[in-house]
Number of protein chains: 2
Amino acid sequence: MPDHQDYTPFSAESLPAYLAGVATVAGRLGGASDNWTVTEVGDGNLNLVFIVRGVDATVIVKQALPYVRLVGDSWPLPLYRAFFEHHALRRQAERDPGSVPELYHFDEGNALIAMEFIAPHVILRRKLINGEKVEGLAGFLGRFCARTAFRGSELSMASAAKKADVGLFSGNVEIPAITESLVFTDSYYDAERNHHTPELAPVVARLRSDVALKARAQRMLMKFASNTETMVHGDLHSGSIMSTGTESRVIDPEFVQYAPMGFDIGMLTANFLMAYFSQPGHRGEDLDDFQEWILSVICECFDAFEAEFIHLWRTERTGMLYPRALFEDQGQESEGACKALLADIWGDAMAICGIEMHRRILTLAHNADFEEIGDTAIRAPLEARNLMMGAELVLGAGDVADAFQLADMARSFNKRDFL
Amino acid sequence: MPDHQDYTPFSAESLPAYLAGVATVAGRLGGASDNWTVTEVGDGNLNLVFIVRGVDATVIVKQALPYVRLVGDSWPLPLYRAFFEHHALRRQAERDPGSVPELYHFDEGNALIAMEFIAPHVILRRKLINGEKVEGLAGFLGRFCARTAFRGSELSMASAAKKADVGLFSGNVEIPAITESLVFTDSYYDAERNHHTPELAPVVARLRSDVALKARAQRMLMKFASNTETMVHGDLHSGSIMSTGTESRVIDPEFVQYAPMGFDIGMLTANFLMAYFSQPGHRGEDLDDFQEWILSVICECFDAFEAEFIHLWRTERTGMLYPRALFEDQGQESEGACKALLADIWGDAMAICGIEMHRRILTLAHNADFEEIGDTAIRAPLEARNLMMGAELVLGAGDVADAFQLADMARSFNKRDFL
């Protein structure tokens, strides 16, 4: 585990002198460090983020803070998460080349990463709120989820390498603990840091009195916390994706951990559904068109996931799981086994999707999709639809046959009034 | 990980001088080391086992060998397994006091453990072959499985402690690899070290051509290899249990790893079922009575498992999973959640049971229960029943409602002829 004895948080003023001493970054920026301009733009909760504009290029520098910004130093957070984030970036770049920012420099002691400045991309969540479509988004995300899921598992990796990696990531305790608590548990009781739109009170009471719902959510927590199927991004929502009108990238894997294969695509789907349900608070006459576009992204994303997963199953199944010796080498096909596994991944994804739809309305960290709807009389009924569909997904995760049925379910909830 | 640079395999001649220098052992043995007698009794595959008889007491010394005895030095095996075995013994002693031999001394460099000499117990498998009943066996084993499963999980443990332990055990790669290959995969194709009774050929061909069966077995392998629900014994068969007529102990946890909660009780059940199906090769007129006794042990073992698990759920649920804050603190009961989890554990156990029933007939390490039936014309039909019931369990693991139904299924297969 990293040593942070000499950790110093940088400022826009102190950063250039440091970067001047880092050849891989200074060379890229070009010119002398007094010609570089630095702006701190971190609007997240956990980090300092600097845009460093040099003579020849621009670079992003991200430095972990030892506490949660939103809450202040009452919630300390380990600096070692930068260590895991850099490991995640390296593995994601290998497993889905071009999907994540290029890594230029990692300083373990300072919990600092210098990487590619992604431009002119903006955060996908902003585009979804603004009603801006992104070409190729679904295919990119479906393939990213499939490639990282498959190539990070023992379907593909040698067992010794995969188990060593599980050992490396097992040092990451406090960061998964945030997900364990904020995502899986806090929604379902009156946890200290929770807040929600007051008008939701009757729906919230209904969810929190549902013992079967809570049991299912906890069963998924157990699966999440005790499952090392693959290395997941861990926080793949629309705020962790940057897009232009035609190109997208995935950022911020500091919640990386080993987890079930369905985790990333489940959380991602929840964030598309939240974008969907919040649209009436943002759109006028283009509402139907944009909502349908969001549902088409969900459907195409799962299509791309499945197609890519099956492709990798056929071409890169080199790990100890489902060995060719048992199937193809015996003249037998294994596509049925692949489909059965995909069905399990889908079931996990649906349950995680429902849980994520709850926690973004009920616990500490809300989504701008809903939060930017200032009038709670408009916001609350939309949030209620989202909460109730979430509950149905958690309780009946196995019963939603496919993404088309999921989209139909969303259309149905989008017409209902729960308050 | 341990360093074995100074590893020296001991002999009956060289051991006393070494033990004389180990105060915790020498003091227990009593007298001078030239009054001690040492016998090497290792009949297993992987270790030297010495019985050291002193003046006041007798002690067992177990030393790992760097290869599989059965195969010779063509199959190297890491000495570090003694390190994990001693960690397992310590944790099992904490989680189910009195269930395992007391640990006196661990020498990491020599991969050597000195522990309690369990007497006058004999290996349970021998008693089952001989038709000797053991009082209290089912309750002891059911409670052992429940206590180690529950107390080693995040139902009970603090997450940081459990995750640190997962990290520690992630260094254990080659030993789980044996289970992954021998137990889950080799049965289902013509693996190099396999052997089976020749008359079984048609049944074996049938199993190996069943794609759905192989897919289910591989799905269970994936669960086994990617699941850290709890620390399991990892090799809990009737050769890892020592009993008198009224008292039992569990030994040899060198296949310890993190795995699904249903693993130990599933493997154990398989070994009782193999004892059951092999009985016609060993018994005369007491056949029915002894076979029924074995089935009663299976049923009572699951009863004890469930009762103990529910008891611990009520009294020791202190981990992050299913927190009381969500249930009891809200005036709601959580027994339904516990039952749902037990149903999942049962499903895993049944699938693992079926897989274990296959590998003990088809891969490298067979059971004396069948092997001691010298006449293959008698042995093969019994093994065939066992194989076919195993397949039904793997394929329909979710459909066997409880242990009583499992026992009925065994009675039905016990009457059938598959050759």
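These numbers come from a predicted model, not from an experiment.
A 4.5 Å side-chain heavy-atom check between Ser226(B) and Glu229(A) finds at least one atom pair inside the cut-off. When side chains are defined from C-beta on, Lys163(B) does not count as touching Asn172(A), because their heavy atoms never get closer than 4.5 Å. Here the side chains of Asn227(A) and Thr228(B) are not in contact, with every heavy-atom distance at 4.5 Å or above. With a 4.5 Å cut-off on side-chain heavy atoms, Met320(A) and Gln218(B) do not count as touching.
In this structure, OG in Ser170(A) is found 12.0 Å from CZ in Phe169(B), a value given to the nearest 0.5 Å. Taken from OH in Tyr189(A) to CZ in Phe327(B), the straight-line distance is 12.0 Å, to the nearest 0.5 Å. Interatomic distance, CZ of Phe224(A) versus CG of Leu321(B), reported as 12.0 Å (0.5 Å rounding). Interatomic distance, CG of Leu341(B) versus CZ of Arg219(A), reported as 5.5 Å (0.5 Å rounding).
With a threshold of 4.5 angstrom between heavy atoms, Asp329(A) does not approach chain B through any atom at all. Using a 4.5 Å cut-off between heavy atoms, Ser209(A) contacts chain B through both its backbone and its side chain. Proximity to chain B (any heavy atom under 4.5 Å) is restricted, for Lys162(A), to the side chain, taken from C-beta onward. Neither the backbone nor the side chain of Ala340(A) comes within contact range of chain B; no heavy atoms are under 4.5 Å apart. With a threshold of 4.5 angstrom between heavy atoms, Arg216(A) does not approach chain B through any atom at all.
One finds no salt bridge joining Glu333(B) and Lys214(A) here, because no Lys/Arg side-chain nitrogen approaches an Asp/Glu carboxylate oxygen to under 4.0 Å. With respect to Glu154(A) and Lys223(B), no salt bridge is recorded, no charged nitrogen being found less than 4.0 Å from a carboxylate O.
The environment of Arg206(B) atom CZ is sparse: at most 12 non-hydrogen atoms of other residues, nucleotides or ligands sit within 6.0 angstrom. By the neighbour-count criterion of 12 heavy atoms within 6.0 Å, atom CZ of Arg317(B) is densely surrounded, having more than that number from other residues, nucleotides or ligands.
Your options are Ser159(A), Gly336(A), Ala325(A), and the one with the most heavy-atom pairs under 4.5 Å with chain B is Ala325(A). When each of Asp344(B), Val173(B), Val166(B) is scored by its heavy-atom pairs under 4.5 Å with chain A, the top score falls to Asp344(B).
Of all heavy-atom pairs between Thr185(A) and Pro323(B), the closest is CG2-CG, 4.0 Å. Here the shortest heavy-atom pairing between Gln332(B) and Asp210(A) reads NE2-N, 4.3 Å. The shortest non-hydrogen separation linking Tyr322(B) to Ala215(A) is CE2-O, 3.7 Å.
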- [ ] Any chance you could lay out the side chain to side chain contact (heavy atoms under 4.5 Å, CB included) test for Met261(A) and Met222(B), step after step, and finish with the verdict?
- [x] CA-CA 12 Å; Met261(A) 289 185 171; Met222(B) 185 167 162; 3.9 Å; yes
